[in-house]
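One structure is given below, encoded as structure tokens.
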Protein chains: 2
Amino acid sequence: MKKQVSSAKRSAGVTRQGPEPGYHHGELQEALIAATEAILAEQGAEGFTLREAARRAGVSPAAPSHHFGNAQGLLTEVAIRGYDALADALRAAASGKRSGRDKLHAQGMAYVEFALKHPGRFQMMFANKRLVADDARLRRASKAAGAEFEIIVAELVGGASKPAKAAAAAAWSTVHGFAKLALEEKFGSVKNEAGRREIMITLNQVLNYLWPADGPRQAV
Amino acid sequence: MKKQVSSAKRSAGVTRQGPEPGYHHGELQEALIAATEAILAEQGAEGFTLREAARRAGVSPAAPSHHFGNAQGLLTEVAIRGYDALADALRAAASGKRSGRDKLHAQGMAYVEFALKHPGRFQMMFANKRLVADDARLRRASKAAGAEFEIIVAELVGGASKPAKAAAAAAWSTVHGFAKLALEEKFGSVKNEAGRREIMITLNQVLNYLWPADGPRQAV
DNA sequence: TCATGTAACTTGACACTGTTCAGATTGAGC
DNA sequence: GCTCAATCTGAACAGTGTCAAGTTACATGA
């Protein structure tokens, strides 16, 4: 009886398509991650609660702790996957372009596009205090995403190590700051498609201003 | 008896130096704002709770609602003052310099210095979902701070309206993104003075790279 | 086939949180 | 001196994350 209620709840959640299990869920980690990503997509970073994630996965509030330790652990896992997805997007954006400047340009657009398309997840990825900040895998994933900029920028400034680092920091800072300010509506509404399109036009101007088309920028 | 306990609590809080009041606090708004800023300074944006602010001001958890409506209202007031302080800092930084490029450079440094000096308050200022995002005074204060960049950038690009806007967005985005990434420790530790100094050096390189000394950047 | 141990999950509790509301208290204006 | 609005308290409510202890399911080995 009780179990039926539990099963009913379970199938109403984010879900699995496998056979109805009994006491054991079977794929609880993945279900919780999926539930978390759904919450972040629907309600943003502030909307996430561990209990709601558990509810969607059809388990008790205490269940997640056995797999992720605590809420930070679950969010860390989600953030890691977010960084992986971001790195993929940056790589994909640059792959089609010829010049280093075009690659950087495309990367910048892809970065902000990612942030606008997954605002909740993006905000969470950079909410250090809600994650296990010193988790080795998280740090690696974050570094890998940042390194995508270094790779491209190295082409621009000629591969010199020190100036390249500063130039990569500049590129990352610019697009990250633009994305953050856009999400906080400093550049107008971001809730409708028209607003987002206008924001991307502004970003295009910003990138053209900082990395003009006429020849690559030299390091100082 | 009960009242003595209440008074003792009150004097242990963030405090007022006036005469011991009875039932009425007298300066509760200011006391709550001061308490909130103290919490943000000590514990960061995530550490704030309305109850803790009330505790420090020596009043019951329900008291703040009579002055600020809810927690968002109180935080909004704090954010407004934060934006005012930021605008002041940006203005002061630019005032001493000659060229437009030097002014912009100084503003950028001041922006990140502000963020590193008051991380909790800074993060809260840009946490739209924890504030009354459509509050008129908040929007005005935020816009005023952003306008400090436009004023300086207009000198650089020659005052042309449309390119100036993009250039101002570029400047704001860069320093804001740098500050955010620095606070999330993407550029190394920010907990000790040595780490912060190194970060400011990196910022200096970033600004020199994007706005080089040899002549003002032209609009596209 | 069956006992046993371990991993997965639930139950119930605890200390918090923000907010609401009725009622007590206060000070200012008439 | 009285009235009344502003101010604040106390108690309650629904919700949160986490923990210890109990329950269930499953694999392993005899």
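Chain letters run A, B, ... following the sequence lines, proteins first, then strands; residues in each count from 1. It should be emphasised that the depicted structure is a prediction, and the values quoted were computed from it without experimental measurement.
- We find that CZ of Arg130(B) is positioned 11 Å from C1' of dG18(C), with the value rounded to whole Å.
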Side chains of residues 110-120 of chain A: which donor-acceptor partners sit under 3.5 Å, not counting sequence neighbours?
| residue | atom | partner | partner atom | Å |
| --- | --- | --- | --- | --- |
| Tyr111(A) | OH | Trp172(A) | NE1 | 3.0 |
| Tyr111(A) | OH | His176(A) | ND1 | 2.8 |

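- Atom-to-atom, CD of Glu46(A) to P of dT16(D) comes out at 15 Å; the value is rounded to the nearest Å.
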Donor-acceptor contacts, no H, no angles, side chain residues 75-86 of chain A, under 3.5 Å, sequence neighbours left out:
| residue | atom | partner | partner atom | Å |
| --- | --- | --- | --- | --- |
| Thr76(A) | OG1 | Gln72(A) | O | 2.6 |
| Thr76(A) | OG1 | Val132(A) | N | 2.8 |
| Glu77(A) | OE1 | Arg137(A) | NH1 | 3.3 |
| Glu77(A) | OE2 | Arg137(A) | NH2 | 2.8 |
| Arg81(A) | NH1 | Glu30(A) | OE1 | 3.2 |
| Arg81(A) | NH2 | Glu30(A) | OE2 | 2.9 |
| Tyr83(A) | OH | Met125(A) | O | 3.0 |
| Tyr83(A) | OH | Lys186(B) | NZ | 2.9 |

What does the list of N/O pairs under 3.5 Å between the protein and nucleotides 17-20 of chain D look like, with a distance for each?
| residue | atom | partner | partner atom | Å |
| --- | --- | --- | --- | --- |
| dG17(D) | OP1 | Leu50(A) | N | 2.5 |
| dG17(D) | OP2 | Leu50(A) | N | 3.4 |
| dG17(D) | OP2 | Arg51(A) | N | 2.9 |
| dG17(D) | N7 | Arg51(A) | NH1 | 2.3 |
| dG17(D) | O6 | Arg51(A) | NH1 | 3.2 |
| dT18(D) | OP2 | Ala71(A) | N | 3.1 |

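- Every side-chain hydrogen bond (donor to acceptor under 3.5 Å, both in side chains) that Arg91(B) has, sequence neighbours left out, goes to Asp88(B), Glu148(B).
- Straight-line distance from the CD atom of Glu30(A) to the P atom of dA8(C): 14 Å, rounded to whole Å.
- Partners of Glu198(B) under the side-chain hydrogen bond (donor to acceptor under 3.5 Å, both in side chains) rule, at least two apart in sequence or in another chain, do not exist in this structure.
- Between the side chains of Thr174(A) and Thr174(B), at least one donor N or O sits under 3.5 Å from an acceptor N or O.
- What separates CZ of Arg55(B) from P of dG10(D) is a distance of 15 Å, to the nearest Å.
- Nucleotide dG18(C) holds its P atom 17 Å from the NE2 atom of His67(B), rounded to whole Å.
- Leu74(B) has its CG atom 13 Å from the C1' atom of dG18(C), to the nearest Å.
- With rounding to whole Å, Lys129(B) atom NZ is found 19 Å from dG18(C) atom P.
- Every residue was checked against the side-chain hydrogen bond (donor to acceptor under 3.5 Å, both in side chains) condition with His66(B), not counting sequence neighbours, and none meets it.
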